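Remember, it's a predicted structure, so these values are computed and weren't measured experimentally.
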Amino acid sequence: MNKDRVEGNWLQLKGKVKEQWGKLTDDDLDVIAGKRDQLLGRIQERHGLSKEEAEKQVDAWKDRNPTDFFERY
């Protein structure tokens, strides 16, 4: 998958991520840039969650919003 397609997919996914974790800022999402580990860290930081709880929430969110984005990038 080329870089433009990856960036386009992330732009679409960003809106859904912000809906779920509203304390994340646009700057946070720019830093995350589609990286699962970065998403987990920012969710932990902004929402005061443990690593395990953040992972649980992201996994549950992925189940509700099927995408292979994080498995690939």
Subject >> Set of side-chain hydrogen bond (donor to acceptor under 3.5 Å, both in side chains) partners for Glu55, sequence neighbours left out >> reply: none

Subject >> Interatomic distance, Lys56 atom NZ to Leu40 atom CG [nearest 0.5 angstrom] >> reply: 14.5 Å

Original post:
Who pairs with Lys16 by side chain to side chain contact (heavy atoms under 4.5 Å, CB included), at least two apart in sequence or on another chain?
Top reply: Trp61, Asn65

**OP:** Heavy atoms only: give me the nearest Ala54-Ile43 pair and the separation to one decimal.
**Re:** CB-CG2, 4.1 Å

Pair up each side-chain donor or acceptor in residues 19-27 with any protein partner under 3.5 Å, not counting sequence neighbours, and list the distances.
unit_1 : atom_1 : unit_2 : atom_2 : d
Gln20  : OE1    : Arg64  : NH2    : 3.1
Trp21  : NE1    : Gln57  : OE1    : 2.8
Thr25  : OG1    : Asp27  : N      : 3.4
Thr25  : OG1    : Asp28  : N      : 3.0
Thr25  : OG1    : Asp28  : OD2    : 3.2
Asp26  : OD1    : Lys18  : NZ     : 2.8

